[in-house]
Structures are given as structure tokens and as C-alpha cells.
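Sequential numbering from 1 along the given sequence is applied to the chain's residues.
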Amino acid sequence: MLKIRKRSGEEVLFDRSKIERAIEKANASVSIPERLNRDIIAGIALSIENACSNMKTIPTYRTWWNMPSRRPALTVWQRITPYIAISTS
């Protein structure tokens, strides 16, 4: 089972639906032409889950932020960061 470390330091099971909800909340905060469709949101959440699954340690916000593969999703990630509760340390 994939775990992540929340900002509080608590380790919890990864839940892709929480990432999707965070993206959807961020998505609602931008103008309609900038919004992502449901398939793109699901794909981003899946790619985050896959990247976290490949890590040898419990992923945190900081470990994902430093991954080179995250660059194409940077704008989306900046929008969703306030909505997800994973560690910044």
C-alpha cells in the first residue's frame, strides 16, 4: 500500500481521489478557457500516484516538487497545492 506523509507528519494511505478533488477545486478557481477537463485531471492524479509509487521513501510534497518529471504539471501543481495536505518538510 502506498503511503504519503501529510504536513502534520502523519503517514496515511495515498488516496488518488483526494488529489483529483484538489485539482477540481483549483480548476474551479480559474477562468473557463483555462480549465482542465475530467480526463486530464484523472491523468494528472494517476501520474502523481505512479511517481509516488516509484519512490523508495514515503513521498512528501518536497520530494515530488524536486522531481524533474513534474515540470509539465507545474502550473496545475501550483494551483492545487493549497488544497492538499501532504508534508512540506
Quiz item: Do the side chain of R5 and the main chain of P59 share a donor and acceptor less than 3.5 angstrom apart?
Solution: no
Self-check item: Exam field: side chain R35 to backbone N27, donor-acceptor pair closer than 3.5 Å
Solution: yes
Quiz prompt | 4.5 Å side-chain heavy-atom contact, I44 and L36 | solution = yes
Quiz item: Any salt bridge between E20 and R38, counting N to O under 4.0 Å?
Solution: yes
Practice problem: Test E49 against I19 for side chain to side chain contact (heavy atoms under 4.5 Å, CB included), laying out the working first. | Solution: CA-CA 9 Å; E49 181 177 18; I19 300 295; over 6 Å; no
Practice problem: Kindly give the heavy-atom pair with the smallest separation between L2 and C52, and that separation in Å. | Solution: CD1-O, 3.8 Å
Which distance, rounded to the nearest 0.5 Å, do you find between the [atom1] of [X] and the [atom2] of [Y]?
X   : Y   : atom1 : atom2 : answer
S29 : E24 : OG    : CD    : 12.5 Å
I41 : L46 : CD1   : CG    : 13.5 Å
K3  : E10 : NZ    : CD    : 10.0 Å

